[in-house]
There are 2 protein chains.
Amino acid sequence: MAAKPNKPDVAARAQLVEAEDRFIASWGRMGSVWGISRTMAEVHALLYITGKPMCTDEIMDRLGVSRGNVSMSVRSLLEWAVIEKVRLPGDRKEYFQAEQDVWAMLRAIARERIKREVDPLLDALDEIDQLAPQASKHSPEEVRDLQQRIEAVRDGFGVITTLSHKFAGPRGAGLQTAAKLLAKAPIGRAKKHPSKRKENRA
Amino acid sequence: MAAKPNKPDVAARAQLVEAEDRFIASWGRMGSVWGISRTMAEVHALLYITGKPMCTDEIMDRLGVSRGNVSMSVRSLLEWAVIEKVRLPGDRKEYFQAEQDVWAMLRAIARERIKREVDPLLDALDEIDQLAPQASKHSPEEVRDLQQRIEAVRDGFGVITTLSHKFAGPRGAGLQTAAKLLAKAPIGRAKKHPSKRKENRA
DNA sequence: TTGAGTTTTCAGTTTTTTGTGAAAACTACT
DNA sequence: AGTAGTTTTCACAAAAAACTGAAAACTCAA
């Protein structure tokens, strides 16, 4: 809105938008793999990649989704605390802006996922454990086996949870450092030839 | 099939089955959060929690799903390498048995998830990077910002990937130990009063 | 208090995912 | 080769999830 560039390097701008769109599409695909809606992920991607605050209408136009959908996606993202509301002086609309620190963002995502994935399972295991022992007088071996297996799962997830909380918790800057230390060859680091790095993942 | 217990402690057995069912249900719910089908997760849960090899018909009966569905779920689980085929002598049917080592199981799950979630994103980011730079002569700042953001995401996921591979890779026993060391108070460890542990997750 | 601008809600619709069941394919034995 | 037991495939059905759009609710300045 500020100014149309007088030198309309149209091709360059188009390519920028193209790159953005690709990023949005990829992030959106991830979203569906993670169990959040494609749109929600796309909104987040859009706000992150452009970096600037956007209002509902801009988001609708850019992503081609309905007002209702944007409203719901934005609400979830606010709950996740990966975007925030900003008010522009002299404008009644609400604008939204993404968390720009990737690690903070990743922590927020991790936190939500743990909340939704791991914690409920641990709670369920607790309940089940309270259910099973009552039978233990009668058929000892089977019950013991059952409990051992449940216990094993619980320990496993427990370790993961504890560890994750250290990363995802409010005081959770730690893992970034820890991770970088643990990872001998952190990541290709290629400044201009990123394709080489692919071997790391084959 | 071996023998009906002459003392039919019916109530005890019912409770055992009840506990199993609850475990299966919880695990199944997790499955849908992880982006695998509920049935696939349930089949896995059933095989893990009972520990014994089961054939298609037993699974169908116990979970109340169709033959086709069991066949497909089992195939995926075999691909994930969290269950294996066993042949019982003198029986033409195929039986399936779950990996009983929880850490091996968790690693297998993690491995698949990384493959499906992180790797595709990193690949996409590589592609996008190749797209964006071509515009750099014309509108430097915006392009630079875009590339920085993409790079930041890539670094973040890169670190996570590297770290995860150390855990999930074939030589990946490491994290269990690392995790236990890192986690000061590893996990409540309550032998008989597990409910106390809940505070760790509030 | 009004009303224009804006956001939220939600019943109904569309899209996507998952599950079924029966036919086809496979397997091992005779 | 024939065949009975078993598994796989896949067109279609059912269920779940996501999305739309318009009405209702909200907000704030006048």
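Chain letters run A, B, ... following the sequence lines, proteins first, then strands; residues in each count from 1. Worth saying up front: this structure is predicted, and the values here are computed from it rather than measured.
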Roughly how many Å is it from CD in B:Glu79 to P in D:dT8, rounded to a whole number? 11 Å

Between C1' of C:dT8 and CG of A:Leu77, the distance in whole Å: 16 Å

Which residues share a ring-ring contact (aromatic ring centres under 6.0 Å, His included) with A:Phe96, sequence neighbours left out: none

For A:Lys85 and B:Gly64, find the nucleotide of DNA chain C closest to each by heavy atoms; which residue's nucleotide sits nearer the 5' end? A:Lys85

Listing time: all N or O pairs from protein to nucleotides 9-11 of chain C that are below 3.5 Å?
unit_1 : atom_1 : unit_2  : atom_2 : d
C:dT9  : OP2    : A:Arg75 : NH1    : 2.6
C:dT9  : OP2    : A:Arg75 : NH2    : 2.9

What N/O pairs connect the protein and nucleotides 27-30 of chain C at under 3.5 Å? Give each pair on its own line.
unit_1 : atom_1 : unit_2  : atom_2 : d
C:dT27 : O2     : B:Arg92 : NH2    : 2.6

In whole Å, what is the span from the CD1 atom of A:Ile59 to the P atom of C:dT6? 15 Å

By the salt bridge (Lys or Arg N to Asp or Glu O under 4.0 Å) test, which pairs, at least two apart or in different chains, include something from residues 96-106 of chain A? none

Checking A:Arg92 now: which residues fulfil side-chain hydrogen bond (donor to acceptor under 3.5 Å, both in side chains) with it, not counting sequence neighbours? none

Only distances under 3.5 Å count here; give the side-chain donor-acceptor pairs of residues 44-55 of chain B to other protein atoms, sequence neighbours excluded, each with its distance to 0.1 Å.
unit_1  : atom_1 : unit_2   : atom_2 : d
B:His44 : ND1    : B:Trp27  : NE1    : 3.3
B:Tyr48 : OH     : A:Arg149 : O      : 3.0
B:Thr50 : OG1    : B:Leu46  : O      : 2.9

What pair of heavy atoms forms the shortest contact from B:Arg111 to B:Trp80, and how long is it? NH1-O, 4.2 Å

With sequence neighbours excluded, residues passing salt bridge (Lys or Arg N to Asp or Glu O under 4.0 Å) with A:Glu18: A:Arg22

To the nearest Å, how far apart are B:Glu58 CD and D:dT7 C1'? 16 Å

Below 4.0 angstrom, which residues in residues 31-40 of chain A have at least one non-hydrogen atom near DNA chain D? A:Ser37, A:Arg38, A:Thr39

Write down the distance between NZ (B:Lys93) and P (C:dC26), rounded to a whole number of angstrom. 22 Å

Can you tell me which residue pairs pass the salt bridge (Lys or Arg N to Asp or Glu O under 4.0 Å) test with a partner in residues 31-44 of chain B, sequence neighbours excluded? B:Arg38-B:Glu42

Taking CG from A:Leu88 and P from C:dT6, how many angstroms apart are they, rounded to a whole number? 13 Å

Using 4.0 Å as the upper bound for N to carboxylate O, is an ion pair formed by A:Asp129 and A:Arg154? yes

Just jot down the salt bridge (Lys or Arg N to Asp or Glu O under 4.0 Å) partners of A:Glu20, sequence neighbours excluded, or say none. A:Arg62

From CG of A:Leu63 over to P of D:dA18, roughly how many Å is that when rounded to an integer? 16 Å

Under the salt bridge (Lys or Arg N to Asp or Glu O under 4.0 Å) rule, collect the residues that match up with B:Lys85, sequence neighbours excluded. B:Glu94

Rounded to whole Å, how long is the line connecting atom CG of B:Asp91 with atom P of D:dG5? 13 Å

Between D:dC19 and A:Ser66, is there an OP1 or OP2 to side-chain N/O distance shorter than 4.0 Å? no

Please name all residues satisfying salt bridge (Lys or Arg N to Asp or Glu O under 4.0 Å) with B:Arg75, sequence neighbours left out, ordered by chain then number. none

